[in-house]
Amino acid sequence: MTQRQYDAAGMMGGLIVAGVFLLAVSIALLSTEGTSAKVLIAVWLWAVPVIGICTAAGYGVAKLLGRVRGGR
Amino acid sequence: MTAVAAERERHPENTLLTMQIGLALTLLLGLMFISAGLFFLYHFNYDIGPYFTATRAIHFYAGLASIPFLIAKYGSTGLRFAGYYLRVPRFVERGPPRLLPRVLSPLLALDFFVLYFSGLFMLFHYYYTVANIPPGEFYPVQVHLWASILAVPLLAAHLGSHLLETIKGLLGDAAAVRHGEAPATPVPVGYTRRAFLTTVVAGAVGLSLGFQNTGLANRTFGDLFIGRIPKEERGGPGDFPVETLFGKASVDRNAWRLRIDGAVGQEMMLSYDDLVALPAVTQTIRISCVSGWSAVPTWSGPRVRDVLALAGADPDAKSVYFHSLSNYAFTWHIDPLMGDDAILATHVNGAALTENHGFPVRIIVPGYPGQNMVKQLDTMTVRMEKQEFDPDLSLSRDVQI
């Protein structure tokens, strides 16, 4: 695998983790007694930082992994 | 190639500056959006009250600190934007911006202007936020919320198109320095940029501390800033900020009564003397305001649960509606009211409350925003209905958040 492929895979992995996390938080909030769909506004506001953090983390991990495994 | 030329070659015009400011702004915006989501939840769900203060601090500090970065970003990006469209040769040579940023960036800039304007408006006039009363046709709470909701896709698209190249650009710059291809502090460009960045950072720190430091702000700039302490309170037991949403009422101590009705065994009317004759507790409880200040006075008065028991409140009651003489109101969930620290304060720091601070009596519960601590109580209505956890964004004078 080339370094570029590692990077892409890492970022994609980060995106998937972010999506799963946001989905889990949405379900947890909606499951709370007395909540309404408006709580999803909070999840919407969290979307950018969560996606950003997860994607950057995935990119960082891929970068390290690629270097360790000698990606070009 | 000279150091200056090398720097300009690697980062033509002010792209490095834009990258550095953009990255700092991105980190601060991350904090702001995370706290905004929590803020949104907490503000309407007082069951999570103890975390409210921390969330407010993060949101306000990050928001204020980001202003100089935002101004610098507007200036830095605006320079290149204006340079290109005014056909300045060195900007034209670099070609037009890509289509996506070209379309979205002006929208993002406009949206952020609205977002910060409404945010600062609420900071200076926080009662519009709390009571959700529109000043004229401007609804700051709703404008701020919808601007932030709209900012999410705009920001995602903007960051998506810029963030990776920014990180690569900044890492590339560091790598070039490490490999001896460029000086770490090019002269004079590096110094100029560093001096500029230092100014921005100093501005960010100064702005957030200046606004948020209650002691400095209210004593220096008086009514302009948050956390106003009336002159008559300074140096006395009530020497901490006063916020009143609907003004304060003049109270005739002898005529005043606290009515306790609703789901109670028998409606009660307590006089001031009745209230101060009840067994009192003294607690040092921090009061924190959404406008940014906090104080830690010592409050005295009977426990809320004792007064409710006196009236024979239904043990299955779910909430209590507190109403003030000035027509302010707040509905509390019953659980926090049953705690040892939930008191109907008649005294603060050893003296009877003044009207500024809620004479004859106000509710005080630790860990909740000051807006919940209704002053100058005249009615407590015990209710069997639980307060809905529903962030109702409609306009209402009846503050039942």
Side-chain angles (χ1 to χ4, degrees), chain A residues 2-68 70-72, chain B residues 22-23 25-48 55 58-59 62 108 115 142 144-160 162-164 166-168 171 318-319 333 385-394:
Chain A
T2 64
Q3 183 62 53
R4 191 178 287 270
Q5 286 170 319
Y6 274 112
D7 294 349
M11 289 171 71
M12 193 55 71
L15 264 179
I16 291 169
V17 170
V20 170
F21 177 78
L22 290 170
L23 188 66
V25 171
S26 303
I27 292 169
L29 281 174
L30 287 172
S31 306
T32 308
E33 190 188 349
T35 53
S36 76
K38 284 180 181 176
V39 293
L40 293 181
I41 292 175
V43 180
W44 176 257
L45 294 174
W46 290 331
V48 169
V50 168
I51 290 171
I53 290 166
C54 290
T55 310
Y59 179 75
V61 169
K63 206 63 156 172
L64 283 175
L65 203 64
R67 283 189 182 165
V68 169
R72 289 165 290 130
Chain B
L23 202 58
L25 195 55
T26 301
L27 296 175
L28 287 170
L29 285 173
L31 284 175
M32 286 166 68
F33 273 82
I34 289 171
S35 58
L38 292 171
F39 209 44
F40 180 79
L41 289 181
Y42 297 169
H43 194 60
F44 298 101
N45 179 7
Y46 40 81
D47 285 345
I48 322 176
T55 307
I58 290 170
H59 195 73
L108 185 65
L115 191 62
Q142 281 73 9
H144 198 64
L145 177 68
W146 284 109
S148 66
I149 289 171
L150 183 62
V152 171
L154 291 173
L155 204 55
H158 187 77
L159 291 176
H162 281 310
L163 194 58
L164 199 57
T166 298
I167 292 169
K168 280 180 175 172
L171 290 177
K318 296 289 191 295
S319 61
H333 190 286
E385 305 84 35
K386 184 179 179 185
Q387 181 67 14
E388 285 291 310
F389 172 18
D390 182 10
D392 182 3
L393 298 172
S394 63

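The chains referred to below are lettered A, B, ... by the order of the sequence lines, with proteins before strands, and numbering in each begins at 1.
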A.B. asks: What distance do I34(B) atom CD1 and I53(A) atom CD1 have between them, rounded to the nearest 0.5 Å?
C.D. replies: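 These two atoms lie 4.5 Å from each other.
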A.B. asks: Please report the shortest heavy-atom distance between G37(B) and W46(A), naming the atom on each side.
C.D. replies: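 Heavy atoms of G37(B) and W46(A) come nearest at CA-NE1, 3.4 Å.
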A.B. asks: If we only count heavy atoms from C-beta on, is the I41(A) to L145(B) side-chain gap below 4.5 Å?
C.D. replies: yes
A.B. asks: Do W44(A) and V152(B) have side-chain heavy atoms sitting under 4.5 Å apart?
C.D. replies: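 Yes, close enough: below the 4.5 Å cut-off.
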